K.L.:
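Next up is a structure, given as structure tokens.
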Amino acid sequence: MRNILIVYHYYGQYPPRATIFDHLYCFERYSAHRCFYLNLATCNLPRYIKLIQFDLIVFHTIFLSWRWQSRVDFEKVAKKVNWLKQVDSIKIALPQDEFTQTDVLCDFINEFGIDYVFSVAPESEWSKIYPTIDVQKVKFFNVLTGYLDEDTVSRIKVLAKSVQSRPIDIGYRAWGHPPWLGRYGFLKTIIADCVQEKAPQMGLVTDISTRAEDTFVGDDWYKFLLSCKYTLGVESGAGILDRDGTIKKKTNEYLIHHPQASFDEVEAACFPNLDGSLHLFVVSPRHLEACATRTCQILIEGTYNGILVANKHYIQLKRDFSNINQILTLIKQDRLREEIAERAYHEIVGSGRYTYRGFVEFVLEKSLEYFEPGHVSSISLSRYRVFYRWNKLIDKLSWIRVAVHWYCVVQIKLRIRKKLVNIFSEQAVISVLRRIKQR
């Protein structure tokens, strides 16, 4: 039995999306090893952690994603575990959103001596994203942004038994896509607007929204999918590589002064000729979850990692929406739905190839394949057990702190801001908040 340390940083929405929990705790659920969790957002380094001789150190997605804030903020957090630079253990990184702040990511990989990177980006893009990484020292493997958890699939089966019918013809949830990620991402909202406009004209019932307040959390998301006959979708990712965050900053500043600017205007002013320089488009957990709920998917044409095949696992919508009327007619007739949804369920979900158990087995196999412990533990097995139980308690307490912060701090601030917006203009409130933060 090996000792594995999972380093993460979470201080956001509570409860978090189920996919965050599933991805984070899959090592504990599906490995036979002692997994120690360290949330750098809620505590400083516990003393006992330094006493443990770890065989594998995992820098999780929700730690590496903190670079979204800024290089300075990320380095402050990473400084808490600077001592890991000298630790003689196998170290792996699980980055996502490999289209932004990638210079910070490259520097972290080099400074901390990362041995393996499990990237969600296509192999064709690795040289663009990681130009300063010595591929002779660091090995790269391709993984998905998320997988299906076996418990989640079982829960969906239970939830499905209580669903008597699917009253919604087309259901969809998505968020607004910032221009600095490229033109392709706008398809997430364009598809929503297009279907929302045309579907009711054909007598189809829709529940489509791109508003953040309409987001479903936890099992409510699966209940929503189970109530829908069809759902819409697009590949996740970006078409622009923003190495140091300057494109994002420049775009956001431009939009403050030109809030009604079109994408073409923003592109010309902030990132001319860069859209399409990166091809990072991948299948997302949402596509797998739709398969699990047997909800037929209407997806904009793409590769979907070669996992989902057009007209076999989903109905393909052309990128220019030229066949939208044909698609809506198919939905109205509803003849192909059950056949496609069942095939997607059995070949994607039933195959077991896209589960967190398989993900953990793959990561451990690749990262520990040639590993031989270079140390002999000076700690007794009984003390390891004590440390392990103590760590589980501390990790639970960290989530209590996250919950308290979310409900007692963040939500109160949001209510105050909402009241201020009702009194003053939103732009005025944003300006005041920025000045307060700068001070």
Side-chain angles (χ1 to χ4, degrees), residues 1-10 23-28 30-41 44-46 48-67 71 74-98 101-121 126 129-143 356 359-377 379 384 387-388 391 395:
M1 181 179 289
R2 302 189 188 279
N3 296 316
I4 301 176
L5 175 64
I6 296 94
V7 180
Y8 71 104
H9 184 285
Y10 189 86
H23 199 291
L24 179 62
Y25 289 101
C26 64
F27 289 94
E28 183 177 61
Y30 300 116
S31 78
H33 306 299
R34 281 184 293 266
C35 295
F36 296 79
Y37 284 83
L38 179 60
N39 187 356
L40 297 177
N44 291 317
L45 189 69
Y48 70 89
I49 287 290
K50 284 192 175 183
L51 299 176
I52 300 171
Q53 293 169 328
F54 292 104
D55 301 297
L56 179 66
I57 299 172
V58 179
F59 293 99
H60 193 267
T61 298
I62 55 175
F63 163 71
L64 297 173
S65 293
W66 192 245
R67 70 187 193 280
R71 174 183 280 273
F74 179 77
E75 289 177 347
K76 282 181 181 179
V77 174
K79 190 175 182 180
K80 292 185 178 182
V81 286
N82 264 349
W83 64 280
L84 289 176
K85 293 178 181 179
Q86 312 304 323
V87 173
D88 184 22
S89 305
I90 295 293
K91 300 168 192 172
I92 69 173
L94 304 177
Q96 292 193 19
D97 301 328
E98 294 161 276
Q101 292 285 3
T102 51
D103 284 347
V104 178
L105 187 56
C106 289
D107 290 345
F108 175 82
I109 291 171
N110 286 325
E111 290 174 14
F112 276 76
I114 301 299
D115 299 288
Y116 300 94
V117 175
F118 291 86
S119 168
V120 302
W126 290 346
I129 299 169
Y130 301 100
T132 61
I133 303 300
D134 185 350
V135 294
Q136 300 299 319
K137 295 180 180 179
V138 184
K139 291 186 177 180
F140 282 75
F141 297 98
N142 191 242
V143 293
Y356 277 109
F359 167 69
V360 170
E361 290 174 353
F362 177 76
V363 169
L364 296 184
E365 175 191 349
K366 296 301 181 182
S367 57
L368 297 176
E369 184 176 5
Y370 303 109
F371 175 70
E372 293 183 6
H375 56 257
V376 177
S377 177
I379 301 177
Y384 268 134
F387 288 155
Y388 177 67
N391 178 260
D395 194 50

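On a predicted model such as this, the values are computed, not experimentally measured, just so you know.
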K.L.:
Taking all heavy atoms of Gln101 and all of Arg71, pick out the closest pair and write down the distance.
P.N.:
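Shortest heavy-atom separation between Gln101 and Arg71 comes out as NE2-N, 4.5 Å.
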K.L.:
Working to the nearest 0.5 angstrom, can you tell me the gap between Leu24 CG and Tyr8 OH?
P.N.:
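Answer for the CG-OH pair, Leu24 versus Tyr8, is 5.5 Å.
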K.L.:
With ring centroids as reference points, do Phe54 and Phe36 lie under 6.0 angstrom apart?
P.N.:
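Centroid separation for Phe54 and Phe36: below 6.0 Å.
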K.L.:
For His60, check ring-ring contact (aromatic ring centres under 6.0 Å, His included) against everything at least two apart and list the hits.
P.N.:
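Listed in chain order: His23.
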K.L.:
If you measure from CG on Asp55 to OG on Ser367, what distance do you get to the nearest 0.5 Å?
P.N.:
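If I round to the nearest 0.5 Å, the distance is 10.5 Å.
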K.L.:
Does Phe74 have any ring-ring contact (aromatic ring centres under 6.0 Å, His included) partners at least two apart in sequence or in another chain, and if so, which?
P.N.:
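For Phe74 the ring-ring contact (aromatic ring centres under 6.0 Å, His included) partners, ignoring immediate neighbours, are Phe63, Phe108.
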K.L.:
Do you know which two heavy atoms are closest between Cys35 and Ile6, and how far apart they sit?
P.N.:
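Looks like CB-CD1, 3.8 Å.
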K.L.:
Roughly how far, to the nearest 0.5 Å, is the CZ atom of Arg67 from the OG1 atom of Thr102?
P.N.:
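Result: 7.5 Å between the selected atoms.
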K.L.:
Between Leu105, Ile109, Val117, which is the residue that forms a side chain to side chain contact (heavy atoms under 4.5 Å, CB included) with Ile133?
P.N.:
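Exactly one candidate clears the test, Ile109.
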K.L.:
Centre-to-centre under 6.0 Å for Tyr25 and Tyr37, is that the case here?
P.N.:
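Between Tyr25 and Tyr37, the centre distance is under 6.0 Å.
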K.L.:
So how far is it from Ile90 CD1 to Leu368 CG, rounded to the nearest 0.5 Å?
P.N.:
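Going from the CD1 atom of Ile90 to the CG atom of Leu368 covers 7.0 Å.
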K.L.:
What distance separates Asn110 CG from Asp134 CG, expressed to the nearest 0.5 Å?
P.N.:
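These two atoms lie 8.5 Å from each other.
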K.L.:
Give a yes or no answer on whether the side chain of Lys366 reaches the backbone of Phe141 with a donor-acceptor pair at less than 3.5 Å.
P.N.:
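No, because the side chain of Lys366 does not come within donor-acceptor range (under 3.5 Å) of the backbone of Phe141.
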K.L.:
Nearest 0.5 angstrom please: Met1 CE to Arg34 CZ, how far?
P.N.:
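Taking CE in Met1 and CZ in Arg34, the distance rounds to 5.5 Å.
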K.L.:
Spell out, as yes or no, whether a donor-acceptor pair under 3.5 Å connects the side chain of Glu98 to the backbone of Val120.
P.N.:
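A pair under 3.5 Å: yes.
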K.L.:
Taking NZ in Lys137 as the centre, count heavy atoms belonging to other residues, nucleotides or ligands within less than 6.0 Å. Is the count above 12?
P.N.:
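Atom NZ in Lys137 is not crowded, with 12 or fewer foreign heavy atoms closer than 6.0 Å.
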K.L.:
How close do Leu38 and Pro46 get, heavy atom to heavy atom, and via which atoms?
P.N.:
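Shortest heavy-atom contact: CD1-CD, 3.6 Å.
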K.L.:
Determine whether a donor-acceptor pair (N or O, by modelled atom type, separation under 3.5 Å) exists between the side chain of Asn142 and the backbone of Phe118.
P.N.:
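Here the side-chain-to-backbone pair does not exist.
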K.L.:
May I have the step-by-step check of side chain to side chain contact (heavy atoms under 4.5 Å, CB included) for Leu364 and His33, ending in yes or no?
P.N.:
CA-CA 10 Å; Leu364 296 184; His33 306 299; 3.9 Å; yes
K.L.:
Once you measure the plane-to-plane angle for His9 and Trp66, does it fall in the parallel (<30°), tilted (30-60°) or perpendicular (>60°) bin?
P.N.:
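Tilted: the ring planes of His9 and Trp66 meet at 30° to 60°.
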K.L.:
Side chain to side chain contact (heavy atoms under 4.5 Å, CB included) between Val104 and Leu64: does it pass, once the steps are laid out?
P.N.:
CA-CA 9 Å; Val104 178; Leu64 297 173; over 6 Å; no
K.L.:
List the atom of Ala121, the atom of Ser119, and the distance in Å for their closest heavy-atom pair.
P.N.:
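Closest pair (atom of Ala121, atom of Ser119, distance): N-OG, 3.0 Å.
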K.L.:
Look only at the side chain of Asn39 and the backbone of Asp395, and say whether a donor-acceptor pair between them is shorter than 3.5 Å.
P.N.:
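No; judged by distance alone, with no hydrogens or angles, the pair does not exist.
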K.L.:
Locate the shortest heavy-atom distance separating Phe112 from Ala78; write the atom from each residue and the value.
P.N.:
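Heavy atoms of Phe112 and Ala78 come nearest at CZ-O, 3.8 Å.
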K.L.:
Do Asp115 side-chain atoms and Lys91 backbone N/O form a donor-acceptor pair below 3.5 Å?
P.N.:
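Looks like yes, one N/O pair under 3.5 Å.
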K.L.:
Step by step, would you call Leu5 with Ile52 a side chain to side chain contact (heavy atoms under 4.5 Å, CB included)?
P.N.:
CA-CA 9 Å; Leu5 175 64; Ile52 300 171; over 6 Å; no
K.L.:
Can Tyr116 and Val363 be said to form a side chain to side chain contact (heavy atoms under 4.5 Å, CB included), step by step?
P.N.:
CA-CA 9 Å; Tyr116 300 94; Val363 169; over 6 Å; no
K.L.:
For the aromatic rings, using the six-membered ring if either is Trp, is the centroid distance between Phe387 and Tyr48 under 6.0 Å?
P.N.:
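Yes, they do, as the ring centres are separated by less than 6.0 Å.
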K.L.:
Does any N or O in the side chain of Ser65 come within less than 3.5 Å of the main-chain N or O of Thr61, such that one atom is a donor and the other an acceptor?
P.N.:
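At least one qualifying donor-acceptor pair exists.
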